[in-house]
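Please read the structure below before turning to the comments.
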There are 2 protein chains.
Amino acid sequence: MTRPTPIRVVLADDERMVRTALRAILSAEPDLEVVGEAATGAEAVSVVRDLRPDVVLMDVRMPEVDGIRATERILATLDEPPRIVVVTTFENDSYVYDALRAGAAGFLLKRADADALVQAVRLVARSDSLLFPAAVRTLATEHARARPAPPAWVAKLTGREREVLQQMAQGLTNAEIARRMEVGPATVKSHVAAVLAKTGTRDRTQAVIAAYEAGFLNGG
Amino acid sequence: MTRPTPIRVVLADDERMVRTALRAILSAEPDLEVVGEAATGAEAVSVVRDLRPDVVLMDVRMPEVDGIRATERILATLDEPPRIVVVTTFENDSYVYDALRAGAAGFLLKRADADALVQAVRLVARSDSLLFPAAVRTLATEHARARPAPPAWVAKLTGREREVLQQMAQGLTNAEIARRMEVGPATVKSHVAAVLAKTGTRDRTQAVIAAYEAGFLNGG
DNA sequence: ATCCGCCTCCGCCGGACGGGGGAGGGCGGC
DNA sequence: GCCGCCCTCCCCCGTCCGGCGGAGGCGGAT
């Protein structure tokens, strides 16, 4: 169960104190060995290239090149890249998502206790697991809807116009919408006309398309 | 470093062999204790309610109530719920996403080795970390476009009909489509009629909606 | 050789749609 | 009080749309 060769770790963080602390924690474990350190992203890339560690603990915030970019570069240029664990201070950091995209094997908070840190390193070193804090659940459940900026017209619609557009997007005719909203067909026509004007579209089909692409629908 | 009370684990899997294997692996560790087992999702909920374990290893596929639903129920009903690790056989399982949504603390593959299993249990037991295999990266980067199975009508459309539907989804009129495709307006009308028939819709707006919801568009 | 599916077009018709212009009432702000 | 916004509804009219039925050509399958 004890492995012959220890897990080789590189630390990348611009603060010396952090590196020292991490080294102290990891060195206490017989199966872990800190083989190198880096204070910038650029340095991290070259150090990793030279030392070929099994795991890298990578701070997100670093001079010159940040941890995310350094991660991308390492994974893109090395044949058998190390597992990279991205480390940050704040949980709600948007870096969580960036780290995922960059190909990081894990994401750790600096406030994680020593125990969790050590186990995280061991885990990523030899399994294909990813390791992320609770924040990713938010991203996943909110469907990570990276809204590309909702078009201006959305705010300009009145309440009734919104309702009408919703129904249009269900494929209903004006008459059907009128029945559902318990108003006259002429009223619906007015609202539809207003929607077309504000969305800059010429017919209901284009308006529905605009609604879809604006992410205007509730539970799309 | 050794904790006074062991981590209490409950196993939920409908196959006895799997439970036995898991129990064997976990029992070999002095700091882990398997306190109960369940063969169905419903049983899992009640067992967990009674025994209050620290960690639950939950199979996705189980009779009566599947692992995902069982997870939801446990997390919804208990005040201090255990960390739940969802276990499955296939990595590309859509269950990965469901597990995230349900609030699972981790996701493990049955082919994971004993070492990874044990460490995963230890990790989730006392940190707020989530643990997921590489599959989540795909979900995250592909923006988790959970295709709900492309409707049958997609395959039934002829080449021309597809083209026409694409243009319809751009908000073009029949005349415009005719010009772009360099055919007569009557031809386009025929294709549109065919599209409406095959999609089971009554007008172009509904057809476009169907196209959007089917993920029919190229780079939507 | 025949059949069938696909693409191409035709005419006719009723209904839905969208543009234009207008009108009355309610409600809040200046 | 008056103005402005919103919601409600009205008429007219031209256009687009979709349903109906039909037709010819072309190519692959049997």
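So that the names make sense, note that chain A is the first sequence line, chain B the second, and so on, each numbered from 1.
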With [X] via side-chain contact (heavy atoms from CB on, under 4.5 Å) - residues at least two apart:
X       : value
A21(B)  : none
R180(A) : Q167(A), L172(A)
A211(B) : L165(B), F216(B), L217(B)
A42(A)  : T40(A), E64(A), V65(A)

Checklist outcome for this item: Under a 4.0 Å heavy-atom criterion, DNA chain D is touched by chain A from dC6(D) to dC10(D)
Item to check | Base-contact (B) and sugar-phosphate-only (S) positions in nucleotides 8-19 of chain C, heavy-atom cut-off under 4.0 Å, - elsewhere | outcome: BBB------SBB
Item to check | Qualifying side chain to side chain donor-acceptor pair (under 3.5 Å) pairs with a residue from residues 192-209 of chain B, counting only residues at least two apart or across chains | outcome: E176(A)-R202(B), T205(A)-T205(B), E161(B)-K198(B), N174(B)-R204(B), T199(B)-T201(B)
Item to check | side chain to side chain donor-acceptor pair (under 3.5 Å) contacts in which one or both residues fall within residues 66-78 of chain B, not counting sequence neighbours | outcome: none
Checklist entry - Between R52(B) and E80(B), is the closest basic N to carboxylate O distance under 4.0 Å? => result no
Checklist entry - Taking only residues two or more places apart in sequence or in another chain, which ones pass side-chain hydrogen bond (donor to acceptor under 3.5 Å, both in side chains) with E163(A)? => result R160(A)
Checklist entry - What ring-ring contact (aromatic ring centres under 6.0 Å, His included) pairs are there with at least one residue in residues 164-192 of chain B, not counting sequence neighbours? => result none
Checklist outcome for this item: Bend of the helix from dA1(C)-dT30(D) to dC30(C)-dG1(D) from end-axis comparison, five pairs per end, nearest 10°, comes to 40°
Item to check | salt bridge (charged side-chain N to carboxylate O under 4.0 Å, His left out) partners of residues 187-196 of chain B, not counting sequence neighbours, each pair once | outcome: none
